[in-house]
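All values below were derived from every heavy atom in this structure, side-chain atoms included, with hydrogens, water molecules and symmetry-related copies excluded.
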Amino acid sequence: MKIRKPGVVLIVFSSAAIILAPGVASGTFPGDNGLVVVIGEEIKTEDEEGNRTCEFSSPTDIYTMQPDGSEVDVFHDAQGYAQSAKWASDGESLAVSIVDDDAQGAGVFTIAADGSDLRTVIDEEADEANPAWSPDGRRIAYERGWRRRGGTNVWTIKPDGTDRKQLTSHRAEDGMPAWAPDGKRIAFASSRRGGGYDIYTMNRRGADTDRVTKNATLQRRPNGKKRWGGLTTLSWSPDGRWILFEANKGDGAANVYKVRPDGSNKKRLHEGRYPTWSPDGSKILFLGDVTPSGRCTPELYEMDPNGAGVKKLTTRNDVGMYHLDWQPR
């Protein structure tokens, strides 16, 4: 399937062997709040004459920042296009997806929390992307797709690149896996099982699949026609009681939602993109859905888990940000 840069489309189902084997995490939640990792892209904000401009400079790299939006720094030069990065539950390492420089495919890598020791987990002819650690650190879930044939499925693998297991084999596009804090269930986004993108969960062996949302991205037009949007950025609350996600209904407007794992109590929290829970469960960090006048990139916000207490944070205007993930420590 064709790979696109982060931020160009709402949902990208796509998807490198050097190995980083993390210590086994306890999976204990909630945890303390650490740094936020983001996929970032440099922005030139002035031209040679000093006039304001917004010129994005590919490729994307991996950045970190403080939760208040300060101290935004390059964490690791991706040497390609970085797509996403997720912390392990012990906060000591990351699983990242990177597209090589010639955009021939995406692979899954691990990297230590200090930015060193980049190691390949899987990087083959298929596209492997959107990795997520199991809470005990023993496996990484990811999506695997074939560019020419289309479609993606969810797999898991050991961090040393061995013991690959395919969990889904539906003709739909299955991806964006997210582990429950207790490690028993994996949430994922799927298309065409019920018409458009929705959230499902399954056990860690790929069985016992349950549908969580129904028509989460459906927009019914005045003429009666249906229009489908996209769904992405799944994450469980630290206590396992909610699944946080971003979706639109075909009109291009992205919103942050949460829903119970059983599908009940679905609630729109705020317009915005790339939401992430704080490890202590007290806050949600997200990016605005629109770019304000005078800026090159949307603002950073925080809010309470119920959608109240929305606060705009100050962050750099010369780095475009995508795919936030908050470090437990």
Side-chain angles (χ1 to χ4, degrees), residues 6-7 9-11 29-31 33 36-39 65 67-69 84 86-87 130 132 176-181 185 187-189 196-201 211-220 228-292 297-315 321-328:
V9 292
L10 179 63
I11 184 163
F29 293 88
N33 302 330
V36 177
V37 66
V38 304
I39 303 304
M65 67 180 175
D68 64 359
S84 66
K86 289 291 184 71
W87 292 105
N130 292 308
M176 300 284 174
W179 293 82
R185 306 286 293 178
F188 64 100
Y197 291 106
D198 272 301
I199 299 173
Y200 294 77
T201 66
R211 187 172 180 173
V212 177
T213 63
K214 185 176 182 179
N215 299 331
T217 63
L218 172 63
Q219 181 189 57
R220 298 186 184 276
W228 302 95
L231 184 153
T232 187
T233 320
L234 280 63
S235 64
W236 296 72
S237 61
D239 61 8
R241 299 178 62 194
W242 296 96
I243 298 174
L244 189 69
F245 65 100
E246 170 201 339
N248 73 46
K249 293 182 179 292
D251 56 3
N255 290 279
V256 178
Y257 295 85
K258 68 176 184 179
V259 66
R260 298 285 193 189
D262 65 2
S264 64
N265 297 99
K266 178 170 164 273
K267 180 181 179 181
R268 175 189 173 276
L269 302 178
H270 203 275
E271 66 271 9
R273 307 192 70 185
Y274 306 114
T276 180
W277 291 96
S278 64
D280 67 3
S282 67
K283 294 291 180 183
I284 294 171
L285 200 66
F286 65 100
L287 292 171
D289 182 40
V290 297
T291 301
T297 185
E299 301 277 12
L300 180 70
Y301 293 85
E302 70 172 24
M303 64 181 166
D304 299 332
N306 63 359
V310 176
K311 179 182 178 182
K312 184 169 68 175
L313 305 174
T314 301
T315 192
M321 296 184 182
Y322 323 99
H323 300 286
L324 313 178
D325 193 55
W326 207 327
Q327 177 191 30

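Here Ser264 pairs with Asp262 under the side-chain hydrogen bond (donor to acceptor under 3.5 Å, both in side chains) rule; sequence neighbours left out. Remark: Thr291 engages no residue in a side-chain hydrogen bond (donor to acceptor under 3.5 Å, both in side chains) (not counting sequence neighbours). Every side chain to side chain contact (heavy atoms under 4.5 Å, CB included) that Val259 has, sequence neighbours left out, goes to Val212, Thr213, Ile243, Phe245, Lys266. With sequence neighbours excluded, the residues that form a side-chain hydrogen bond (donor to acceptor under 3.5 Å, both in side chains) with Asn255 are Arg268. Qualifying side-chain hydrogen bond (donor to acceptor under 3.5 Å, both in side chains) partners for Thr315, counting only residues two or more places apart in sequence or in other chains: none. Scored by the salt bridge (charged side-chain N to carboxylate O under 4.0 Å, His left out) test, Arg241 finds no partners at all (sequence neighbours excluded). Every residue meeting the side chain to side chain contact (heavy atoms under 4.5 Å, CB included) condition with Thr233, not counting sequence neighbours, appears here in chain and number order: Glu246, Tyr274, Pro275.
Cation-pi geometry between Arg185 and Trp179 is not satisfied (NZ or CZ under 6.0 Å from the ring centre, within 45° of the ring normal).
Here the side chain of Asp198 pairs a donor or acceptor atom with the backbone of Ala216 at under 3.5 angstrom.
Atom OG in Ser235 sits 10.5 Å away from atom CG in Leu324 (nearest 0.5 Å). Here the CZ atom belonging to Phe188 is positioned 7.5 Å from the OG1 atom belonging to Thr201, to the nearest 0.5 angstrom. The CE atom of Met65 sits 9.0 Å away from the CH2 atom of Trp326 when rounded to the nearest 0.5 Å. To the nearest 0.5 angstrom, Ser237 atom OG is 8.0 Å from Arg260 atom CZ.
Here the closest heavy-atom approach between residue Ala132 and residue Pro177 is recorded as CB-O, 3.5 Å. The shortest non-hydrogen separation linking Trp236 to Ala187 is NE1-CB, 3.6 Å. Considering all non-hydrogen atoms of both residues, Val36 and Pro67 come closest at CG2-CA, 4.0 Å. Closest non-hydrogen pair, Pro238 versus Ser278, comes out as CG-O, 3.4 Å.
At a threshold of 4.5 Å between non-hydrogen side-chain atoms, the residues Asp325 and His323 do not count as touching. Looking at Asp289 and Asn248, their side chains never come closer than 4.5 Å, going by heavy atoms from C-beta outward. In this structure, the side chains of Asn265 and Lys267 stay at 4.5 Å or more apart for every pair of heavy atoms. Looking at heavy atoms from C-beta onward, Leu244 lies out of side-chain contact with Tyr257 at the 4.5 angstrom threshold. For the pair Trp87/Thr276, no side-chain contact is recorded, criterion being any heavy-atom separation below 4.5 Å from C-beta on. Looking at Thr232 and Asn130, their side chains never come closer than 4.5 Å, going by heavy atoms from C-beta outward.
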Show the atom names and distances, to 0.1 Å, of all donor-acceptor pairs under 3.5 Å that link a side chain in residues 297-308 to residues at least two apart or in another chain.
unit_1: Asp304; atom_1: OD1; unit_2: Lys283; atom_2: NZ; d: 2.7
unit_1: Asn306; atom_1: OD1; unit_2: Ala308; atom_2: N; d: 2.9

Could you walk me through whether Val290 and Glu271 pass the side-chain contact (heavy atoms from CB on, under 4.5 Å) check? CA-CA 9 Å; Val290 297; Glu271 66 271 9; over 6 Å; no
